[in-house]
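Here's the structure we're looking at; comments come further down.
Residue numbers begin at 1 in each chain, while the letters A, B, ... track the order of the sequences.
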2 protein chains.
Amino acid sequence: MDTKKYHHGDLKNTLIQAGIEILAEEGVGGLSLRKVAQKAGVSHNAPYFHFTDKQALIAAISTEGYRSLYEQLVLIQETFREDPRRQLVEAAFMYLRFAQSQPAHFKVTFSNAVEREDAYPALVEMADNLIAELIKIVGACQKAGILHPAPVGALAVSIWSAVHGFTSLFIDGQSMHERLKVAPVDQLLIFTLNQFTVADWSAEHFPLPE
Amino acid sequence: MDTKKYHHGDLKNTLIQAGIEILAEEGVGGLSLRKVAQKAGVSHNAPYFHFTDKQALIAAISTEGYRSLYEQLVLIQETFREDPRRQLVEAAFMYLRFAQSQPAHFKVTFSNAVEREDAYPALVEMADNLIAELIKIVGACQKAGILHPAPVGALAVSIWSAVHGFTSLFIDGQSMHERLKVAPVDQLLIFTLNQFTVADWSAEHFPLPE
DNA sequence: GGTTTTATCTTGACGTTGTCAATATTATAG
DNA sequence: CTATAATATTGACAACGTCAAGATAAAACC
């Protein structure tokens with residue numbers, strides 16, 4: 001019950017959504033407290049009754065990014081309950097698609113701006129949720145013999161690092177994926193995922209999702 | 001011959017260095033054109049004769065980040081000329097150490113701020129240099145039988161993605177490396193690198209550099 | 001139900017920022 | 001040695017984050 005209805009009614013979430021929309025329309029540079037307030041139809045100081053700081057608003061937007069990733073990860077597991085291999089592939093592409101469709105929100109989510117993550121427990125909690133789901137999938141893949149029997153935490157960190165780095169480098173200025181022109185980005189992501197499988201580097205294990 | 005000596009003499013590079021120092025002292029949020037100018041001992045508008053924009057200064061700082069990584073990569077290859085395995089390990093740790101010691105510069109380098117990379121040819125060129133060196137190392141590792149005989153460009157992208165993602169997640173709010181407490185960060189990086197070797201997941205292939 | 005309290009929002013102000021325009025200064029070219 | 005172009009300063013402006021003071025409306029209390 002964070003969202004009491006006083007004058008405006010649920011202004012807090014309205015501001016968060018306005019912020020996410022501004023990120024989509026104008027990018028990270030266009031995000032300002034005053035513009036968010038204007039978009040929500042309130043005065044330039046109204047946000048201060050819901051966020052102590054600009055940082056706090058950014059942290060809330062970041063939290064929503066984690067929530068979106070987390071919820072999609074849960075959905076993927078439900079959808080492909082008996083196919084951990086498919087879960088991993090879908091998860092990786094979901095990650096990439098999120099970044100492609102909302103690059104500014106993706107960037108903000110991964111704390112380009114938030115310095116003291118500890119000051120925002122809701123953010124930490126949602127990030128933990130995301131990690132927990134990822135570990136479930138990696139664990140299931142190990143059980144199915146698709147991934148090595150390494151410590152599941154370490155393997156989850158490695159795979160997430162690879163997918164996150166791949167995605168970050170891709171949206172942060174087409175750094176090379178396009179410059180090298182070695183392969184389409186989707187295929188490169190599959191290739192990267194394949195590095196973590198038990199077998200050789202051929203693309204048989206993780207075909208592209210249709 | 002970019003650096004003519006008129007009134008100040010080499011103000012351009014002075015401003016870039018001042019910017020890097022501010023990043024080290026105050027972080028990304030503390031970087032402003034006016035503060036950079038003040039640090040260089042010039043008026044608040046002097047930078048506009050060397051950078052069209054704040055973005056242009058950021059692009060120059062980013063370029064310096066790429067240059068630093070590139071030069072260290074060249075040095076590593078010279079130092080361990082006959083040991084491609086060692087080159088790869090040292091390169092990965094050099095990357096991580098750079099981010100650890102200058103997190104704000106690392107973040108700025110990877111374009112948290114620069115939107116139109118194409119508008120800054122020097123930046124693109126230095127990034128290309130970095131990629132070229134990385135590909136050399138990966139190619140040497142393949143020749144030595146340490147890495148799979150996959151297309152070298154794709155493999156370089158995958159490995160860079162893993163190291164970059166690992167490093168980014170680590171400095172962007174200790175996202176999990178510390179939260180999971182699965183292993184010290186250095187060991188986790190080695191583990192991640194090991195995923196790309198030809199053999200199994202045991203840590204024999206890439207021991208920690210002393 | 002009327003009053004008090006408290007949460008929410010507005011208005012106004014201040015210093016800082018990025019950037020433009022106008023002006024001054026100095027190095028280089030002729 | 002002058003003229004010109006490159007370099008730097010000063011001043012201004014709107015937008016920004018944030019603080020302070022006041023207004024408004026919901027909630028709590030009797």
If you check the [X] side chain, which of [options] turns out closest?
| X | options | value |
| --- | --- | --- |
| A:Asp53 | D:dT9, C:dC9, D:dT18 | D:dT18 |
| A:Leu33 | C:dT19, D:dG17, D:dT9 | D:dG17 |
| B:Phe49 | C:dT17, D:dA8, D:dG17 | D:dA8 |

Pairing residues for A:Arg81 by the salt bridge (charged side-chain N to carboxylate O under 4.0 Å, His left out) criterion, not counting sequence neighbours |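 Residues passing salt bridge (charged side-chain N to carboxylate O under 4.0 Å, His left out) with A:Arg81: none at all.
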I need the [atom1]-[atom2] distance between [X] and [N], as an integer number of Å.
| X | N | atom1 | atom2 | answer |
| --- | --- | --- | --- | --- |
| A:Lys39 | D:dC16 | NZ | C1' | 18 Å |
| A:His50 | D:dT18 | NE2 | C1' | 16 Å |
| A:Glu26 | D:dA15 | CD | P | 13 Å |
| B:Leu31 | C:dT16 | CG | C1' | 14 Å |
| A:Leu15 | D:dG17 | CG | P | 13 Å |
| A:Gln55 | D:dT18 | CD | C1' | 14 Å |
| B:Phe51 | C:dT19 | CZ | P | 13 Å |
| B:Asp10 | D:dA8 | CG | P | 10 Å |

Parallel, tilted or perpendicular, as decided by the 30° and 60° cut-offs, for the rings of A:Tyr95 and A:Phe106 =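 Geometry flag for A:Tyr95 against A:Phe106: perpendicular rings.
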Within a strict 4.5 Å, meaning less than it, do heavy atoms of the A:Leu96 and A:Val185 side chains meet?
-> yes
Pairing residues for A:Lys136 by the side-chain hydrogen bond (donor to acceptor under 3.5 Å, both in side chains) criterion, not counting sequence neighbours |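 Testing A:Lys136 for side-chain hydrogen bond (donor to acceptor under 3.5 Å, both in side chains), a comparison that skips the adjacent residues, returns A:Glu133.
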On DNA chain D, nearest-nucleotide positions of A:Lys54 versus B:Arg34: which is more 5'?
-> B:Arg34
Please tell me which of A:Thr52 and A:Lys35 maps to the more 5' nucleotide of DNA chain D, matching each residue to the nucleotide holding its nearest heavy atom.
->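 Result of the comparison: A:Lys35.
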For A:His44, answer base if it contacts any base atom (sugar-phosphate contacts may also be present), sugar-phosphate if it contacts only those atoms, and nothing otherwise; contact means non-hydrogen atoms under 4.0 Å.
->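 Base: the residue A:His44, judged by heavy atoms under 4.0 Å, touches a nucleobase.
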So what does A:Ser43 touch, heavy atoms closer than 4.0 Å: a base, only the sugar-phosphate, or nothing?
-> base
Taking the six-membered ring where the residue is Trp, are the ring centres of B:Phe196 and A:Phe196 under 6.0 Å apart?
-> yes
